[in-house]
Amino acid sequence: MAYDPAELERKWQRRWEEARLGEAEPDDREKFFMIFAYPGVSGYLHVGHMRGYTYTDVLCRYMRMRGYNVLFPVGTHATGNVSVTLAKKVEKGDERWLEYLRYNGCPEEEIPKLADPKEVVRFFSSVYVNDYWKRFGFLADWRRFTTTIDPGYQRFIQWQFLKLHELGLLVQKPYYATFCPADGPVAVDPSETDISRGGNAEKMEYTLLKFRMDLDGEEVFVVAATLRPETVFGQTNFWADPEVEYVKARVGEEIWIVSRPAAEKLAFQKGGVEIVGTVSGRDLMGKECLAPGVDRWIPILPSRFCDPNVGTGLVTSVPSDAPADWMGLYDLQRDPELCRRYGLDPERVKAIQPIPIIKTKGWGPLPAVEICEKMGIESQDDEEKLEEAKKEIYKAGFHTGVMNENCGEYAGMPVEKAKELVKERLVAEGKADIFYDLSEEVICRCGERVVIKRIDDQWFINYSNPDWTEKSVDAARGMDILPREYYDNMPGVLEWFQDRACVRMGSWLGTPFPLDDKWTIEPISDSTLYPIYYLISKYVNDGSLPVDAMTPEFFDYVFLGRGEAEPLAGRLGLDASLLERIRKDVLYWYPLDINLGGKEHMTVHFPVFLMNHVAILPGTLWPRGIFAHWYIVGKGSKISKSKGGAEPIPYAVSRFGVDAMRLFYCNSGSPFVDVEWDEDLVVRYKSRLERLYNLFGELKEGLEGAAPSPVDRWLESRLSTVVEGVIRALEERNFRQATNLVYVDLPADIRWYTRRGGSGGDGGEVLGRILREWALLMTPFTPHLAEELWEMMGSEGFASTASFPTPGERYPDAEAGERLLRETMKDMDQILRVTGITPRRILLYTAPGWKHRALHELMEGKDVGSVIKGLMADPEVRKMGKAVPAYVQSAAKDVKKMDEALREYYGMSLDEYEILAAAREFLAGEYKAEVLVFKADDPGMEDPGNKARHAAPRRPAIYVE
RNA sequence: GCAGGGGUAGUCAAGCACGGCCAACGACGCGGGACUUAAGAUCCCGUCCUAAGUGGUUCGUGGGUUCAAAUCCCACCCCCUGCACCA
């Protein structure tokens, strides 16, 4: 029968499903509980996503076969705005999106329903479960499926937040959020789920410097925004654009002059901002204002680089360190005509000199002046070069700069430090304020411009809490965290993790915040403790646990053991036995053994996953392991249609077969590196499996009537070695090593076995057992093929539920004997290749007794001199003359380099002559030549090439003719 | 910038934590051979240089430690990822 993956998948998946292999209930076995971080509902997934999911199934299958009671539940993460966004696309009839749905095989009648976000969640959850996870042959406990918008799940999350609140871990404080005036909070990131432009924008903190001045008898403040508050000491003048109309805005008790967009943005961040009038930039020209920080009166001068959309549209001038300021001044100073136009005294303007304030490594006292000359910047209109110059000076100044003697009490202080202190001081004195702005324009999906809004009563989870952090760090130290580098970094990650805004407003899917339902709990915060919810979801899904009974008291009892089942059951209208049963489930299955997820979770999900367990649950229920895996990436770039990998997963499955894909994930690279999706490679895995399938069938046919052979013991020993290696590799989660042993090394051994004339042992007993164990070794990785082979061998029950092989007997002498033979053949091959001889006769010489004796003595630690002396005492050996010390010396060098394994090979007693002599017929067949074997110390031997003298232990001398 | 990861023979990719079967797993590609009427598949051999085999030079670059370094230490160059309300 030909290898047909699709047929095997159908057959075995149906049988597994019928036998309910994935369903797990407590019993007296030891348990193993593992999940992969549930995926967000974000449309169709691609083949890369299946990598981590597959690892989870492989490990769970392995642990099941090792005798553990395995729980592997799955769910989907529906919280947030993604499904809302997707639904909107359907609602609007977005062509690209509809085409995408159809391309992925979305049934036509489903499409209109997907205008509802909840339908989106339902639909894609079903796609993930049925088209991906079940198609991949996972043995998950499907009864426990949940999504984060299930009512039961939401009850659970509300309980979790009440606990955090009780523990004092929720805090309220102001927060500056990216915000659309029409849609509310939006996420600004390059994936642009919320926005149509500006995904790379960063939130910038500006210091607003307030310059007091007199404007027609009224006290007002012209306000400049700066990212470099420490440069106030170098202020020489103030810039405004004479062509721009600024506004007067009432801010608290004061009147500020800023650009109109700035006033509008400011209104989102400060209470009671009101525009009360306008001022033309032209009217400001030449007026004096009081520079904060230095309390100097400086003139307002005209410039063309004041963008009303950036900062406040007004700029303070520090020509020593800001290239644009220097060029502005430079332009003005050589244009008296321009000065006069704005009623300025050209002589006075000319008199303005940059003031050195910062000593920067690699730069003179006036870096801005210097860099303008260096880069040949001619005027303030050379925007591109100025931008580049600014970045360079800013970077150098920030990291290496030191404030100089013109900076008063800050003299001698690094810029990095002075920046904060100057800012704080100015703000404290009322001479400055803080203002957040985006580094580039961001446009919401709805078309509105996104601003930064101050939210005064934002709730945070207090992850920065030192006690909590410390406890979590301790917990992490005791965990099994992979990869190793991540284990080492975890304490750092936990300490770095700051308070997190955990709720948001707007029309998002999610759980209402229990302390104030105007808020919705945001997606990261509602997916931290959830593995424990899988222990309950089963009862919710089968109807035995009504959502109404899922009160805080209920969770306190089942998760924390608080209260008594009996009275509580009465209050909740439940059977006490159900409560007790759930409580038992919790104590049996928890803690979670492994949480597996992509590397993107390392600084976001995993730390909060751990911290929430630490905060809420007793130490006995804290998680035991984390497994972060890397990605499957497209060739050269992202997974994409043109380069492969973007095809719908079911389509890929039909092309390659599940087992080939699973083997690809396990064998093409370490889990902790990015691996390229390579269709050709997957195809090769497929044909490899086909070959194994065929080989298996052929071997099985030959079992009947097989006879014992000298290599039977060798093969048994090899199997033991492989089994041992596979177990070790899997304990270390080294899937590549494990699959190499099962799919490469073992079949190679079996081929060698048949080549050497092995046919199966007595009545096929030896090879038959090996084939059965081989099928079991394959089961975690390629379960469909493995089941088929297992069945082909006439075995009872599922391979999936059989016991994983354990290492059997090892026969070191048998392994060493074959090794000697193979290495000798390798040397023969080499000689034949180099000489180009087609051999008629091959003569082999095994090492003489005295060389063996010398080697043994050296390995026992005897020194070279006494070994030689000992040998020379024998008159027969003495005849060898100089050859003796020569050999002993070179052997001594070899001995020094031997490691444990090599010592074993060289150290064991092996009758080399006997081994080679027994293989004479085999060798004669292989080389189509007569093969003769001699002992090098046999006086009657034939030695036409005078080669026998080269024979060394484990290294027979060879002569071909 | 901060934090993290990485640079290995034609390609992909192991090894590095515990220095020594490392000229460096494995796969692919390529060359040769066997089988076959032929092709394909399969199997065997080879694929840094040299060579009747145990030799030489290699693991981003430059130093260092050691009897011994791809593996440990230092410096440098280059590439990638994350930096938060986004899953």
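All figures in this text were calculated on a predicted structure; none of them were measured in a lab. Letters A, B, ... are given to chains in the order of the sequence lines, protein chains preceding strands, and every chain is numbered from 1.
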Between P on C83(B) and CD on Glu205(A), what's the gap in Å once rounded to a whole number?
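After rounding, the reported distance stands at 20 Å.
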Protein-to-nucleotide contact annotation, 5' to 3' order, nucleotides 17-30 of chain B [B base; S sugar-phosphate only; - none; under 4.0 Å, heavy atom]:
---SB---BBSS--
Show each protein N/O and nucleotides 38-40 of chain B N/O combination with a separation under 3.5 Å, one pair to a line.
none

By side-chain contact (heavy atoms from CB on, under 4.5 Å), which residues pair with [X], not counting sequence neighbours?
X         : answer
Lys173(A) : Phe460(A), Asp499(A)
Lys686(A) : Pro5(A), Ala660(A)
His950(A) : Lys947(A), Ala957(A)
Thr721(A) : Arg718(A), Arg810(A), Glu815(A)

Any residue meeting side chain to side chain donor-acceptor pair (under 3.5 Å) with Gln737(A), in chain and number order, not counting sequence neighbours:
none
Using the side chain to side chain donor-acceptor pair (under 3.5 Å) criterion, which residues pair with Asp4(A)? Sequence neighbours excluded.
none
Contact class for Ser670(A) (heavy atom, under 4.0 Å): base, sugar-phosphate, or nothing?
sugar-phosphate
So what does Glu485(A) touch, heavy atoms closer than 4.0 Å: a base, only the sugar-phosphate, or nothing?
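Sugar-phosphate contact only.
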Side-chain N or O of Arg751(A) versus OP1/OP2 of C43(B): is the shortest distance under 4.0 Å?
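Result: yes.
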Show the distances under 3.5 angstrom between N or O atoms of the protein and N or O atoms of nucleotides 51-53 of chain B.
| unit_1 | atom_1 | unit_2 | atom_2 | d |
| --- | --- | --- | --- | --- |
| A52(B) | N6 | Val960(A) | O | 2.8 |
| A52(B) | N1 | Val960(A) | N | 2.9 |
| G53(B) | O2' | Gln830(A) | OE1 | 3.4 |
| G53(B) | N1 | Pro956(A) | O | 3.3 |
| G53(B) | N2 | Asp827(A) | OD2 | 2.9 |
| G53(B) | N2 | Pro956(A) | O | 2.9 |

Is there a donor and acceptor pair, one atom on the side chain of Arg500(A) and one on the base of C85(B), closer than 3.5 Å?
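Such a pair is found, so the answer is yes.
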Can you tell me which stems RNA chain B forms when a stem means 3 or more consecutive Watson-Crick or G-U pairs under 3.5 Å?
B:1-7 with B:77-83, B:10-12 with B:26-28, B:29-34 with B:42-47, B:60-64 with B:72-76
List for me each residue that meets ring pair (Phe, Tyr, Trp, His ring centres under 6.0 Å) alongside Phe922(A), sequence neighbours excluded, and say none if there are none.
Trp752(A)
Please list residues of residues 599-607 of chain A whose heavy atoms come under 4.0 Å from any atom in RNA chain B, ordered by number; otherwise none.
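Going residue by residue through residues 599-607 of chain A, the ones with a heavy atom under 4.0 Å of RNA chain B turn out to be Thr603(A), Val604(A).
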